[in-house]
Amino acid sequence: MEGELALLGKYIGAGLAAFGLGGAGIGVGNIVGNFLAGALRNPSAAPGQTANLFVGIAFAEALGIFSFLIALLLMFAV
């Protein structure tokens, strides 16, 4: 009984940690959407903000990868 309960907790924890992947997708969509909205309003300023776009995408994706790593650790290492 205790082993089954621990396994259940492990799977629930991994599932909750995987919610970060959805958050990363929403974050990247928000970043790119706002960049495109700004670029369409002021096309001459868009090239200067492209580096900021990629940095924002990288940070959002890094958080998604970290949550995926936590989910994998909960599934297979704990």
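Worth saying up front: this structure is predicted, and the values here are computed from it rather than measured.
I65 is linked by a side chain to side chain contact (heavy atoms under 4.5 Å, CB included) to nothing, counting only residues two or more places apart in sequence or in another chain. In this view, E61 satisfies the side-chain hydrogen bond (donor to acceptor under 3.5 Å, both in side chains) rule with no residue, not counting sequence neighbours. L63 meets the side chain to side chain contact (heavy atoms under 4.5 Å, CB included) test with F66; sequence neighbours excluded. For the side chain to side chain contact (heavy atoms under 4.5 Å, CB included) test, residues two or more places apart in sequence or in another chain that qualify with F59 are V55. Residues that satisfy the side chain to side chain contact (heavy atoms under 4.5 Å, CB included) test with F68, not counting sequence neighbours, are L21, L72.
Rounding to the nearest 0.5 Å gives a distance of 8.5 Å between CE of M75 and CG of L7.
Residues L74 and A14 share a closest heavy-atom pair of CD1-N, 3.7 Å. Taking both residues in full, the closest heavy atoms of A71 and A18 are given as CB-N, 4.4 Å, listed atom of the first, atom of the second, then distance. Residues A60 and A24 come closest through the heavy atom pair O-CB, 3.5 Å.
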Contacts under 3.5 angstrom, residues 31-43 side chains, donor-acceptor by atom type, not counting sequence neighbours:
residue : atom : partner : partner atom : Å
N34     : ND2  : N30     : O            : 3.2
N34     : ND2  : N30     : OD1          : 2.9
N42     : OD1  : S44     : OG           : 2.9

